[in-house]
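Below, chain A is the first sequence line, B the second, and so on; all start at residue 1.
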Amino acid sequence: MDQVAEGASVYRVKAPTFEGPLELLLSLVEARKLFINEISLADVTNDYISYIRSLSENKSDKHIADVSYFILIATTLILIKSKSLLPNLQLTQDEEEKIGSLEHRLKLYQIIKNSSVDVKNNFGVSIIFSPLERVWSDPVFSPDPSINISSMASCISQVLANVPKEKEVLQEVEIKKMISLEEVINSLTERMQSAIGMSFRDFSKSHGAKGEQEAKVHVIVSFLAMLELVRGGIIDVIQHNTFEDITINKPQDI
Amino acid sequence: MNLETQIEGLLFYKGEDMTIAEIAKLLSATKEDVEAALGNLANSLSTGALVLIRKDDSVILGIRAELSPLIQSIRKDEVTRDLSKATLETLSVILYKNGVTRSEIDYIRGVNSSFILRNLLVRGLIEKVMDPSDSRRVLYRPTFDTLAYMGVTSIEQIPGYTEVRKQIDQVMNNMTTENDN
Amino acid sequence: MNLETQIEGLLFYKGEDMTIAEIAKLLSATKEDVEAALGNLANSLSTGALVLIRKDDSVILGIRAELSPLIQSIRKDEVTRDLSKATLETLSVILYKNGVTRSEIDYIRGVNSSFILRNLLVRGLIEKVMDPSDSRRVLYRPTFDTLAYMGVTSIEQIPGYTEVRKQIDQVMNNMTTENDN
């Protein structure tokens, strides 16, 4: 994938041209020449998050709806990452299913993406044409009682009513997705808190986020950074049992 | 692909008569070659449903005479069948936007309308005219018979016409902006 | 006049797709007879300019793909080949799954596909049909035009169809067994 430049640990996504989260995710996995599985997904989570952060910082209106799709997938990636960093973290059956289904979706998407190249290469190259529209003999006026002023008026209003109004459709979907992000993060936060006996409620508060979208992304970013720290923290906890309170500084970056 | 097959494809596509000279030019062949190929084509068609009809210097692909009772009955079926909801909706678009292209109809309905248009044409409910502002474009409009059947002499007489027309034009505006990007 | 010739005449006259059931009814034949006659027709057409395209329970006559350059050269409008990446993906899902709901498409692609679907509908590259197993559900299917643009006379002839289909089914099966609900 030429959008992704190889680096030591972080893949910098240069041009934000991914239409959807699965496309982005697949390109990250393929750029590292990995198979689609939990391990590879955990590996690319940080890259994924840095990409959606760049998306949410892009202020153009057009991106706002799009970001929500990316965030939705981010929730599952967080689960996968959490699991890989904290192997003793217990996930619910529902969460395990979510992880499994993301893997499947990505595999399906990979199949479709590859086959869409075949479609592209064959589409319109050698066409089986239909004959031009023709009416064999002179038309004979053949009306039907269903043609009258009132039926025509109701038909046209039906047609006009069915013309989609762009914004509405997308927003409805968006709202549902935001809820699921909050659920995942809140519940994971609580479980980890009790698992390792520390509080990071303050930590996950967003830092000067400008919009809702941006705040969500901040939450994810903070959370992932936190996870990395917690992993280090766990080792400390095992070594020195007296460790009760860990002060965590505001992260600069992941 | 041999010449006779090319001619068959051409005639099937056009659905109207073509002169030998036209065919020869399109296929970069001599008139003599075309004549010979037409002979072969007539032979190879002899077992199927189609026939090559020759009139002076023109040919057209038609349906074998033995099949005409069948075609008559289909035609009757076509023009007497109840109009579907989709057909009526298409007609209403053509009625209110008096003079509309196929792609405009498709856009406003959100589906492809080609077969429906053919049915409306066969029934004499709509007709095709050349767009006065662009001779390559074909416009569809209701026939005079259709208006008369509805008891009006012009579209503007239909109650609520102005309002509906405004809404249609608005949708069509979106179409041009969408295509622009 | 044998059944296959009658069918050829019928399809030639109509110039649009017809279901096996419609043909059987018009010709007072059984569906089995029509199926058999269609097989014969496809054979007898194999030497000429026409081909029979089959999709689900319908058939239509078209002009052999080898004649595509010729027809393109006489068409007034250029055929648009350019489909966006997103459009191609959506079309691929519909082609290889042949009968898929909008939510399944969204699920596979990870984004909302409604505008792309509308666009494909308007272009006549996909169609909406009622799910035979659940009348409240709408399925998207490829159209005859899609097959025609791909230059194939049946969906199975699309490059890699069987293989891709198998891969999809495999992943889908794993999905259902794991979720098991």
Side-chain angles (χ1 to χ4, degrees), chain A residues 17-26 36 65-66 68-70 72-73 93-94 96-136 162-164 166 169-170 172-174, chain C residues 12-13 15-16 51 53 60-69 71-72 75 79-86 88-93 95-96 106-112 114-115 118 144-153 158-161 164 167-168 170-172 174-175 178-179 181:
Chain A
T17 53
F18 296 101
E19 198 223 354
L22 295 178
E23 189 188 8
L24 167 62
L25 204 47
L26 185 64
I36 297 168
D66 296 339
S68 63
Y69 293 108
F70 287 88
L72 179 67
I73 297 297
Q93 198 195 333
D94 188 51
E96 291 285 3
E97 274 171 15
K98 249 188 171 173
I99 292 172
S101 95
L102 179 60
E103 258 184 80
H104 283 133
R105 288 175 73 180
L106 202 55
K107 283 177 184 162
L108 266 183
Y109 180 71
Q110 189 176 39
I111 297 169
I112 290 300
K113 191 165 174 59
N114 291 339
S115 58
S116 75
V117 177
D118 284 337
V119 173
K120 183 186 172 60
N121 292 338
N122 288 285
F123 189 86
V125 173
S126 190
I127 305 169
I128 299 176
F129 279 101
S130 299
L132 291 173
E133 184 183 81
R134 61 192 157 196
V135 175
W136 287 108
N162 285 337
V163 176
E166 314 192 6
V169 191
L170 286 176
E172 187 191 325
V173 188
E174 209 177 321
Chain C
F12 179 78
Y13 170 77
E16 61 186 80
V51 285
I53 311 180
I60 191 170
L61 281 180
I63 301 161
R64 192 171 291 289
E66 288 91 325
L67 291 171
S68 174
I71 305 298
Q72 295 213 41
R75 276 173 67 99
V79 177
T80 46
R81 276 198 59 195
D82 287 340
L83 300 179
S84 73
K85 204 165 61 174
L88 278 165
E89 275 176 26
T90 310
L91 187 61
S92 299
V93 177
L95 260 179
Y96 288 95
D106 289 354
Y107 184 77
I108 293 174
R109 298 193 55 239
V111 284
N112 184 305
S114 46
F115 289 108
R118 187 178 144 88
F144 275 103
D145 272 0
T146 325
L147 298 188
Y149 269 104
M150 299 285 290
V152 296
T153 54
I158 287 175
Y161 180 80
V164 172
Q167 289 175 17
I168 292 175
Q170 215 166 4
V171 177
M172 288 275 202
N174 288 340
M175 212 140 95
E178 280 175 29
N179 289 344
N181 45 22

Check: By a 4.5 Å heavy-atom criterion (distance strictly below it), what part of A:Ile73 contacts chain C: side chain, backbone, both, or neither?
Finding: neither
Checklist line | Qualifying residue for side-chain contact (heavy atoms from CB on, under 4.5 Å) with A:Phe18, from A:Leu26, A:Leu25, A:Leu24 | finding: A:Leu24
Taking only distance into account, with no hydrogens and no angle test, what donor-acceptor pairs under 3.5 Å do side-chain atoms of residues 120-130 of chain A form with protein atoms, sequence neighbours excluded?
from, atom 1, to, atom 2, distance (Å)
A:Asn121, ND2, A:Val117, O, 3.3
A:Asn122, ND2, A:Asp118, O, 2.8
A:Ser126, OG, C:Ala65, O, 3.1

Notebook entry, point to check: What residues form a side-chain hydrogen bond (donor to acceptor under 3.5 Å, both in side chains) with C:Thr153, not counting sequence neighbours?
Noted result: C:Gln157
With a 4.5 angstrom heavy-atom cut-off, is it the side chain or the backbone of [X] that approaches chain A, or both, or neither?
X	value
C:Asp106	backbone
C:Leu67	neither
C:Tyr161	neither
C:Leu95	side chain
C:Val51	side chain
C:Glu16	neither
C:Phe144	neither

Margin query: Just so I know, are the side chains of C:Val93 and C:Ile168 near enough to count as touching, which here means a heavy-atom distance under 4.5 Å?
Written below: no
I need the minimum non-hydrogen distance between [X] and [Y], along with the two atoms involved.
X	Y	answer
C:Pro159	C:Tyr96	O-OH, 3.0 Å
C:Met172	A:Leu108	CE-CD1, 4.0 Å
C:Ile60	C:Gly15	CD1-O, 4.4 Å

Notebook entry, point to check: When only pairs under 4.5 Å are counted, which of C:Asp145, C:Ile71, C:Leu147 shares the most heavy-atom pairs with chain A?
Noted result: C:Ile71
